[in-house]
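Each residue takes its place number in the sequence, starting with 1.
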Amino acid sequence: MNFCVSRDGYGAGENQSLERPFGHADPGSMFSWAGATASWPNRTDPGGTRGLDDYFTRDFSNNIGAEIMGRNKFGPQRGPWQDLDWLGWWGDEPPFRTPVFVMTHHLRPSFTLSDTTFHFIDADPATVLAQAREAAGGKDVRLGGGAATVREFLDADLVDTLHVAVSDSVELGAGSRLWESPDELLDRFQLEVVPSPSGVTHHLFWRK
C-alpha cells in the first residue's frame, strides 16, 4: 500500500464531510509532495517534478490488479446509504482503474465508472483480501486506506509491503491515526527511511 500521514501519524483529521474529505487536515499540505510530481494520477497539466517523489508516485499503479479501501475513503456518509446517486469523490474517471473493494457494514449495488468498478463488501479483512486477490488476476492488491483500514490489515498480519510518506511539516493532533511511531511495526517488518528534498520522509517496510 501507499499512504501519507502527518508528522504525528494521522492519515486524516476530524470532522470529515462532503466538502472536506480529510476533515480538518489540509490535503494540499499533506499531499503537496505527490501533487507536484510529473506522475501524479490526477494531473491534467504538463510538467511536474521528477526524482524520488515522482518514483513513488509513478509506482502507484504498477502491477496493481485491485484495491481495498474503507468506507470513509469512499465517502463521508455514515450508517445506511441515503443517496445512491452519489458515486464517490473522484468524478467520472476515478484514478484506480481496477476493481475496488469498499469495506462497509451497509451494502449497496456495485457500479462502474470508466474502468473502475466499486464493490461494497461486509466481511473481515482476510475474506475481503481473498476476493480482491481473485479479482486482481495474479497482480498485486493495493491497500488504499484510510488509516483504520490499514491498521485492520496490519493487525491481521495481511500486509507484505508498505510505503508510508510522512509529511514532516504537518501536525494534526487528532483524527484517524495510523501509528504513534513507525517503530510499532519493527517486530514484523524491516524498515528503510528515505528523506526527500520536498519535506516528506518515505518509510519503506517489508515483511521480515
Side-chain angles (χ1 to χ4, degrees), residues 1-16 19-64 67-70 72-73 88-91 93-98 100 140-151 153-154 159-186 189-207:
M1 45 119 338
N2 301 277
F3 203 61
C4 187
V5 300
S6 63
R7 179 174 60 192
D8 49 349
Y10 293 95
E14 294 182 313
N15 302 315
Q16 181 193 46
E19 294 76 21
R20 297 192 64 88
F22 289 87
H24 78 280
D26 175 15
S29 299
M30 291 275 288
F31 299 98
S32 59
W33 67 274
T37 65
S39 301
W40 178 239
N42 293 326
R43 175 172 291 282
T44 56
D45 301 321
T49 62
R50 294 293 184 180
L52 179 65
D53 293 340
D54 186 67
Y55 173 84
F56 288 112
T57 306
R58 188 169 67 248
D59 201 46
F60 174 78
S61 59
N62 181 37
N63 200 46
I64 299 297
E67 166 145 345
I68 296 170
M69 67 173 64
N72 291 2
K73 180 175 178 179
W89 274 301
W90 303 281
E93 296 192 18
F96 310 108
R97 299 183 173 88
T98 66
V100 174
D140 293 332
V141 175
R142 179 174 56 230
L143 184 56
T149 299
V150 175
R151 285 302 317 200
F153 280 80
L154 283 169
V159 179
D160 293 325
T161 63
L162 294 80
H163 163 230
V164 180
V166 178
S167 295
D168 296 312
S169 63
V170 177
E171 187 165 342
L172 296 180
S176 181
R177 198 169 206 174
L178 179 65
W179 61 40
E180 292 188 22
S181 167
D183 293 347
E184 296 168 15
L185 305 182
L186 295 184
F189 292 92
Q190 304 282 357
L191 169 62
E192 185 168 339
V193 179
V194 186
S196 168
S198 65
V200 299
T201 303
H202 297 284
H203 290 65
L204 307 175
F205 298 85
W206 62 97
R207 187 188 293 274

Can you tell me if R207 uses its side chain to pair, donor with acceptor, with the backbone of V159 under 3.5 Å?
yes
Minimum heavy-atom distance between [X] and [Y], given as atom pair plus value:
| X | Y | result |
| --- | --- | --- |
| D53 | H202 | OD1-NE2, 2.7 Å |
| W206 | L191 | CZ3-C, 4.3 Å |
| P27 | F22 | CB-CD1, 3.7 Å |
| N72 | Q16 | O-NE2, 2.7 Å |
| V150 | G145 | CG2-CA, 3.8 Å |
| L172 | D8 | N-OD1, 3.2 Å |

Above 12 or not: heavy atoms from other molecules or residues under 6.0 Å from CD of E93?
no
Nearest-0.5 Å distance, [atom1] of residue [X] to [atom2] of residue [Y]:
| X | Y | atom1 | atom2 | value |
| --- | --- | --- | --- | --- |
| F189 | T161 | CZ | OG1 | 8.5 Å |
| D140 | S61 | CG | OG | 11.5 Å |
| W33 | T49 | CH2 | OG1 | 10.0 Å |
| R20 | D26 | CZ | CG | 7.0 Å |
| F60 | E67 | CZ | CD | 5.5 Å |
| R151 | S176 | CZ | OG | 11.0 Å |

Would F96 and W90 count as a close aromatic pair, with their ring centres under 6.0 Å?
yes
Please find out if less than 6.0 Å separates the ring center of W179 from that of F3.
no
Kindly indicate whether the side chain of [X], heavy atoms from C-beta on, has any atom under 4.5 Å from the side chain of [Y].
| X | Y | answer |
| --- | --- | --- |
| S167 | C4 | yes |
| T37 | W40 | yes |
| F56 | L204 | yes |

Can a side-chain donor-acceptor contact be found between D54 and S39 if the only test is distance below 3.5 angstrom?
yes
Between S196 and S198, do the side chains contain an N or O donor and an N or O acceptor separated by less than 3.5 Å?
yes
